[in-house]
Amino acid sequence: RASAPQFGPLRAVALLPAAMWKLSLLLCASVAWPRAVALRLVPRMSSKPAMGLEPQSRSQRILQGLEVTEQGSAAGASGSWEGLQRLEGMWQAMKSGTMKAPTDFVRDFSGGGIDEAVGLADFPTDSDGQITTDFDVVVCGGALGIFLAASLQRRGLRVAVVERGLVKGREQEWNISLDEIEDLVEAGALTPEDVTGALENPGPRKVNRSKNSDDLVAAHFGSVRAGFNNEQQAADADERQEIWIPEVLNLGVRPSVAVSKAKKNFESSGGTLYEKVNVQNVDVFTVGNRLSATTEAGEDLKLTTRLVVDAMGNASPIARQIRGDKKPFGICAVVGTCASGFDLDNNYADLIYTNMDIWNKEVDSRDELGSPRKQYFWEAFPAGSSEEERTTYLFTYMDAEPDRPSLLQMMEDYWDLLPEYQRESCSAFRDGLSAEQAIEEGRFNIKRVLFGCFPTYKDSPLNPPARGIIAIGDASGIQSPLSFGGFGALTRHIDRYTSGICDALEANALSQKDLAKMNPYLPNLSATWMFQRSMMVPLGSRRPPDFVNRLLRTNFEIMDDLGPRILRPFNQDVVRPGGLLKVLSIAFLRDLPNIPILLFYLGPLVLLDWMGHMGAMVGTFALYKSLGSPLLSVADKLWEKGGEKDKVRAYGLRRQVEGWKYGCGEDYFS
């Protein structure tokens, strides 16, 4: 789902600035680059450096020619040459295992003693002299947290949002699906009246654009493509694979409008917003939690609440404290641009596309670009702001081993590979110009350079670190390892998070054990790790060059044959056991010679792990279908009794059924 983009690989492009370990952040620096500046600041690659100076890379020259604008702390709101260097430093620290995690961001004083007695002095009291809290819920992280906060506030809770920057969306569009907008409306984060703009599907190979900057939906494109090819194929080539996926990531949504509308709904319902406030730590007591923070002016701020919601992304200090120095199990690295100059064919999107097999470029000691081996994927979307503007991403899957390439290496690869990929959309590339030549001639004008690095962990979703704390979105690790960003994971789960939090507060089910039931084991999420491993090239692996393309080509053709009910959920990161078993069984028969190759290179451990999750997914489906409705009826009767213990039991039963439902993908069509 698009979390922001997604695979469904990709989602929504949600990257956070790098003040606190940002390994998921910084995709899409919003920057403007007038043509005149481009002509002046980007010389041809043949330009020689001054004597004694290191030559600048293309990426450095381009990024240093961009004017960075202030867009708050939302995803993609920071970007520059300096921003890329910061992210590069974090990526290098991650690979080397030198990334330091906080040890005392969350401090648990709920066991009693002098520390709790002193801390309770910061809690208010009610008219009867009983200790209470300032808020029911404090959401840390407003870029995505504002949507959940609006939903909770409109349910009658006392909610605050604490954001270290400004709660505002970036300029770069989020690419999502209409049903994901509907998720936000159903949860109460947005109203039906908020959903305006290019809502009508224009039909195949057409784009419906809204020129009104206040509209939520900037663009709606009728065609979204997937394809896996060993080289760039001509449009009329018989061997060219093109699969057209209906209603998946076919909208360009303005984040600035989406966040602004959610913020307005939140504040108009009585919510409290703290902007440019940095949380220093969370102290846990038996009666509630206390957040200690500092304002932009350096003033101390203390907030008390019954529940803390961590919406700070996978760079969250809470998530880092839980995971310690553990390396991520997988990385999705992304680079790209938003640029104009696509004057030939800009009327379709690419959800996931390849035009080469596994990258195995020969390198010398000076130029290490393209090393080590990896499979590159493309994703591209028409922009709503102009008929010739297009957002293009190059991404790959890796682990965090020290020999993995740098983001700068990948960015340099992007400039080399872009012209071949976009030659049917951009006349400058069709005419044989390189990226830098097209920039010099004013035929390829960059508005923003995009880059990001998204870590994912197998031990996800995360359990709470203490009483009264719950993580959502990619702070909990609930997003697919195939996606980048957490917006899609948020939209899919926002309704159950909203109802779960309301139930937990009313039942006083705020213990670690109780709150962990809102982030249960999801077998379909765990099963996607085999897909990530099959699309990644391990260091030293001699997989056949067509290993990834052959696998994906076969599976996507089968899903296309089986129809949208199979094709759509998978491309929105929702794995369902019935559909998956159908695809795998047909693939076994259709490409039998590839099965031994696949089993050999994936290895027995990966396959055994996947089989366990697949079995759990089937079991979960059976439990949901047979026991889901009866257990919900029991839960409703317990809730009606009104006793606290009865409500705690009802809360647990409801979360159990939700876990089954989402763990086998039955939420997708419900």
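Numbers for residues simply follow the sequence, beginning at 1.
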Exercise. What is the distance from atom OG of Ser292 to atom CG of Asp122, rounded to the nearest 0.5 Å?
Worked result: 7.5 Å
Exercise. Salt bridge between Glu163 and Lys276, side-chain N to carboxylate O under 4.0 Å?
Worked result: no
Exercise. Any side-chain heavy atom of Thr498 within less than 4.5 Å of one from Leu152?
Worked result: yes
For this session: Could you tell me whether the side chain of Ile472 reaches within less than 4.5 Å of the side chain of Val309, counting heavy atoms only?
Result: yes
Seminar exercise, completed: In this structure, CG of Asp636 is separated from NZ of Lys641 (nearest 0.5 Å) by 13.0 Å
Exercise. Do the side chain of Arg496 and the main chain of Met518 share a donor and acceptor less than 3.5 angstrom apart?
Worked result: yes
Exercise. Salt bridge or not for Asp667 and Lys661, using N-O below 4.0 Å?
Worked result: no
Exercise. Of the non-hydrogen atoms in Pro577 and Cys664, which two are nearest, and what is the gap between them?
Worked result: CD-O, 3.2 Å
For this session: Would you kindly say whether Glu296 and Asn278 are connected by a side-chain donor-acceptor distance under 3.5 Å?
Result: no
For this session: May I ask you to decide if Gly330's main-chain N or O and Thr456's side chain share a donor-acceptor pair within less than 3.5 Å?
Result: yes
Exercise. What do you reckon, is NZ of Lys458 surrounded by more than 12 foreign heavy atoms closer than 6.0 Å?
Worked result: yes
For this session: Given side-chain contact (heavy atoms from CB on, under 4.5 Å), test Gln656 with Lys517 step by step and report yes or no.
Result: CA-CA 7 Å; Gln656 179 66 75; Lys517 295 174 182 177; over 6 Å; no
Exercise. Does the side chain of Val138 reach to within under 4.5 Å of the side chain of Val161, using non-hydrogen atoms?
Worked result: no
Problem set entry | CZ-NZ distance between Arg320 and Lys326, expressed to the nearest 0.5 angstrom | 15.5 Å
For this session: State, yes or no, whether a side-chain contact exists between Phe147 and Phe487 at a heavy-atom distance under 4.5 Å.
Result: yes
For this session: Please confirm whether the backbone N or O of Gly468 pairs with a side-chain atom of Asn289, one donor and one acceptor, at under 3.5 Å?
Result: yes
Exercise. If you measure from OH on Tyr497 to OG on Ser151, what distance do you get to the nearest 0.5 Å?
Worked result: 13.0 Å
Problem set entry | Short N-O contact, Asp646 and Lys637, less than 4.0 angstrom | no
For this session: Please report the C-alpha distance between Arg467 and Asp108 in whole Å, then the side-chain angles of each, then the deciding distance to 0.1 Å, and finally whether the salt bridge (Lys or Arg N to Asp or Glu O under 4.0 Å) criterion is met.
Result: CA-CA 8 Å; Arg467 181 188 187 280; Asp108 192 348; over 6 Å; no
Exercise. Do Leu510 and Arg306 have side-chain heavy atoms sitting under 4.5 Å apart?
Worked result: yes
Exercise. Which atom pair, heavy atoms only, marks the closest approach of Ala258 to Leu190?
Worked result: O-CD2, 4.0 Å
Problem set entry | Short side-chain to backbone donor-acceptor contact, Asp283 and Phe109, under 3.5 Å | no
Problem set entry | Aromatic ring pairing Phe329/Trp529, orientation class (parallel under 30°, perpendicular over 60°, tilted between) | perpendicular
For this session: Determine, step by step, whether Ser269 and Gln153 satisfy the side-chain contact (heavy atoms from CB on, under 4.5 Å) criterion, reporting the C-alpha distance in whole Å, the side-chain angles of both residues, the deciding distance to 0.1 Å, and the verdict.
Result: CA-CA 6 Å; Ser269 300; Gln153 184 66 39; 3.7 Å; yes
Problem set entry | side chain to side chain contact (heavy atoms under 4.5 Å, CB included) partner of Phe135, chosen from Val159, Thr272, Leu157 | Thr272
Problem set entry | Cationic N near anionic O, under 4.0 Å, Arg568 to Asp179 | yes
Problem set entry | Taking every non-hydrogen atom, the tightest pair across Lys261 and Asp214 | CE-O, 4.0 Å
Exercise. Can you list the steps and then say if Leu291 with Val308 is a side-chain contact (heavy atoms from CB on, under 4.5 Å)?
Worked result: CA-CA 9 Å; Leu291 285 80; Val308 173; 3.6 Å; yes
Exercise. Say you draw a straight line from CG of Leu490 to CG of Asp474; how long is it, rounded to the nearest 0.5 Å?
Worked result: 9.0 Å
Exercise. Where do Ile470 and Asp310 land on the side-chain contact (heavy atoms from CB on, under 4.5 Å) test, with the steps shown first?
Worked result: CA-CA 6 Å; Ile470 183 72; Asp310 178 9; over 6 Å; no
Problem set entry | Separation between CG of Leu351 and CG of Asn571, rounded to the nearest 0.5 Å | 5.0 Å
For this session: Carefully, step by step, assess Asn201 and Glu247 under the rule side chain to side chain donor-acceptor pair (under 3.5 Å).
Result: CA-CA 9 Å; Asn201 191 320; Glu247 306 297 329; 2.9 Å; yes
Exercise. Has the side chain of Thr125 got a donor or acceptor atom that lies under 3.5 Å from a matching backbone atom of Ile131?
Worked result: no
Exercise. If every non-hydrogen atom of Thr295 is compared with every non-hydrogen atom of Leu301, which pair is closest and at what distance?
Worked result: CG2-CB, 4.5 Å
Problem set entry | Stepwise salt bridge (Lys or Arg N to Asp or Glu O under 4.0 Å) test for Lys263 and Glu275 | CA-CA 12 Å; Lys263 179 179 175 181; Glu275 294 181 296; 3.3 Å; yes
For this session: Taking side chain to side chain donor-acceptor pair (under 3.5 Å) as the test, write out the residues that go with Thr294, two or more places apart.
Result: Gln280
Exercise. Any side-chain donor-acceptor pair under 3.5 Å between Asp514 and Ser511?
Worked result: yes
Problem set entry | Test item: Val575 and Met617 side chains (from C-beta on) under 4.5 Å apart, heavy atoms | yes
For this session: Write down the atom of Val277, the atom of Ala293, and the distance for their closest heavy-atom approach.
Result: CG1-CB, 3.5 Å
Exercise. For Lys302, does the NZ atom sit with more than 12 other heavy atoms under 6.0 Å from it, leaving out its own atoms?
Worked result: yes
Exercise. Is it true that the NZ or CZ of Arg654 lies under 6.0 Å from the centre of Trp639's six-membered ring and within 45 degrees of the ring axis?
Worked result: yes
Exercise. Quick one: does NZ or CZ of Arg290 land under 6.0 Å from the six-membered ring centre of Phe123, within 45 degrees of the ring axis?
Worked result: no
Problem set entry | Asp126 (side chain) donor-acceptor with Gly129 (main chain) under 3.5 angstrom | yes
Exercise. Quick one: do the Asp194 and Thr191 side chains pair a donor with an acceptor below 3.5 Å?
Worked result: yes
Exercise. Taking 4.0 angstrom as the limit, do Arg254 and Asp215 come out as a salt bridge?
Worked result: no
Exercise. Hey, does the side chain of Glu186 reach the backbone of Asp495 with a donor-acceptor pair shorter than 3.5 angstrom?
Worked result: no
Problem set entry | Side chain to side chain, Trp660 and Leu631, heavy atoms closer than 4.5 Å | yes
Exercise. Can you check whether Thr286's main-chain N or O pairs, donor with acceptor, with Glu116's side chain at less than 3.5 Å?
Worked result: yes
Problem set entry | Gln572 and Ser177: side chain donor to acceptor below 3.5 Å | yes
Problem set entry | Exam field: side chain Asn519 to backbone Ala471, donor-acceptor pair closer than 3.5 Å | yes
For this session: Would you mind checking if Arg576 and Glu666 are paired as a salt bridge, meaning a charged N to carboxylate O distance below 4.0 Å?
Result: yes
Problem set entry | Donor-acceptor pair, side chain of His220 and main chain of Ala198, under 3.5 angstrom | yes
Exercise. Within a strict 4.5 Å, meaning less than it, do heavy atoms of the Val279 and Phe105 side chains meet?
Worked result: yes
For this session: May I ask you to check if Arg565 and Phe669 form a cation-pi contact, with NZ or CZ under 6.0 angstrom from the six-membered ring centre and within 45° of the axis?
Result: yes
Problem set entry | Test: Arg655 and Asp503 ion pair at under 4.0 Å | yes
Exercise. Judged by modelled atom types alone, do Ser460 and Arg323 share a side-chain donor-acceptor pair under 3.5 Å?
Worked result: yes
